Number of protein chains: 2
Amino acid sequence: MPESSARERIVDAAFDLFAERGYDATTVEDIAARAGVGRTTFFRQFRSKEHVVFPDHEQLLTAIAARLATATPRTAVVGVSEAAGLVLQHYLEEGERARRRYRLTRSVPALQERERAGIRQYERTFARHIHGWLGGTPETLLRAELIANAVVTGHNHVLRAWLRGQLATASEARRAFRAAMAEVESHVDVPGREAAPAEALPAVLVLRDASDLDRLLPQIRDLLG
Amino acid sequence: MPESSARERIVDAAFDLFAERGYDATTVEDIAARAGVGRTTFFRQFRSKEHVVFPDHEQLLTAIAARLATATPRTAVVGVSEAAGLVLQHYLEEGERARRRYRLTRSVPALQERERAGIRQYERTFARHIHGWLGGTPETLLRAELIANAVVTGHNHVLRAWLRGQLATASEARRAFRAAMAEVESHVDVPGREAAPAEALPAVLVLRDASDLDRLLPQIRDLLG
DNA sequence: GCCTAGACGGTACGCCGTACCGTCTAGGCT
DNA sequence: AGCCTAGACGGTACGGCGTACCGTCTAGGC
């Protein structure tokens, strides 16, 4: 019998129970029981009751770091924008669960803080790479932090608008995201902007199969048009 | 007998015990016992064990809001800078306790998150006022957040340098703070800068007594010279 | 067919944070 | 002066989180 993984069952059970009884009224034991696992297994999969609300955070963080690692000072602008875009894309694909999480975090202060802690990790990752592109000297540290914060703030701004339903479709969200990134670039001096004008660079796409193409097509069209 | 307040005794007991045994190895009951109060009273004074590490946070937050409330779009630049300066000044006056807190937060992740949560409140306060000066429309919200984050980031940058001992004296810290605020202003467009050149405005000082003058003299001199 | 490593469920415990209790004391009213 | 109410206090009890540790079971290599 093709059972889903224990981790996935725990996440589903948690979100269902949180929606039914609320976060505080749901105990870890309740979640474990509905997921069909022991309380011990819950804490093996997630460090705390709060962490189960953001099950893909670790994976997203490493994806961002990997994308930033491939960029150079010359390709910093597009690299930073794409790395932030990974997070947006993940939420867009997550769909309804992202909306449920948004409602949860809005009503539970502890989860709001947990989310901010995760966002802070994004900022640190961005700042670390940007600082490296700027030379890594103490004099450029503040500037790197300012840029990183601006990028993450811009991203969150668009993400929240989509979560609230102010941006109806995914492509509309992506359009707003590019506008926000442009505004961020106009307010802070991201390194490499003038050195590498976007028009001069050819676009290289790596697609595994047709589903990738379908999924990315709107973005590709937008970038080219 | 002129006993110090219970709140103050709790804070002193907590910092002493954290330095002796470490944060995790100190229980709330330990703190209450050394302070000569019941465990109940501890939680009446501080919402949690973490909050006792930042006893003046609430007061600082209201001081910032009060300072920002007196500013207008014309005086936004100096208002924002001074409001952030209130926090720096508080830490400088706090002296050794600020250093102890810094060592604590560096080694205890839970306290690091608590500190970030407090910083986030500062950002929100700044963003709210700046947003008002920008008109309070949805279009200016992102810009207000960007400016607020930049100001707070700049402040924290200087504060951390002082806490680490990289800035020896208080006046050196204040000088670095003004430099950081200038860099922030050069990266983001703080409203009111060009509309109200600093040279054209007279300086109005309100001093309660001579100690105020002594304390503020270095800043006054720097501003005028 | 055996044997070892790793994942599992179960149990016990320390401590946090909350709710609620009765007690005590300062300060206003008659 | 005597009373009386409001608020702060210490004490107790409890639910729940997160950790440590235990014995058990199962998959995979020799």
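To find a chain, count down the sequence lines: A is the first, B the second, and so on, and within it residues start at 1. Since this is a predicted model, take the numbers as computed values, not measurements.
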Residues in residues 17-27 of chain B with a heavy atom under 4.0 Å of DNA chain D, by number, are none
What is the distance from CD of E29(A) to C1' of dG15(D), rounded to the nearest Å? 12 Å
Does any pair with a residue in residues 36-50 of chain B pass salt bridge (Lys or Arg N to Asp or Glu O under 4.0 Å), and if so which ones, sequence neighbours excluded? E50(B)-R114(B)
Qualifying residues under ring pair (Phe, Tyr, Trp, His ring centres under 6.0 Å), relative to F126(A), sequence neighbours excluded: none
Salt bridge (charged side-chain N to carboxylate O under 4.0 Å, His left out) with R164(B): which residues, sequence neighbours excluded? none
Give the B/S/- string for nucleotides 18-24 of chain D, one per nucleotide from 5' to 3', where a protein heavy atom under 4.0 Å of the base yields B, of only the sugar-phosphate yields S, and otherwise -. BB-----
Using whole Å, report how far CZ of R9(A) lies from C1' of dC8(C). 12 Å
Contacts of type ring pair (Phe, Tyr, Trp, His ring centres under 6.0 Å), residue Y23(B), not counting sequence neighbours: F18(B)
Could you state the CG-C1' distance from D30(B) to dC15(C), rounded to the nearest angstrom? 11 Å
Test: salt bridge (Lys or Arg N to Asp or Glu O under 4.0 Å). Region: residues 54-65 of chain A. Which pairs qualify, not counting sequence neighbours? none
Modelled atom types, side-chain donor and acceptor of Q166(B) and R160(B), under 3.5 Å: no
Residues two or more places apart in sequence or in another chain: which of them pass side-chain contact (heavy atoms from CB on, under 4.5 Å) with S81(B)? F177(B), M181(B)
Suppose we screen for salt bridge (charged side-chain N to carboxylate O under 4.0 Å, His left out). Which residues come up paired with D12(A), at least two apart in sequence or across chains? R97(A)
Residues which pass ring pair (Phe, Tyr, Trp, His ring centres under 6.0 Å) with Y122(B), listed by chain and number, not counting sequence neighbours: H57(B)
Return the stems involving DNA chain D, sorted by first number, where pairs are Watson-Crick (N1-N3 with N6-O4 or O6-N4) or G-U wobble (N1-O2 and O6-N3), both under 3.5 Å, and runs are 3 or more long. C:1-30 with D:1-30
Residues pairing under salt bridge (Lys or Arg N to Asp or Glu O under 4.0 Å) where one sits in residues 26-36 of chain B, two or more places apart or in two chains, turn out to be E20(B)-R34(B), R21(B)-D30(B)
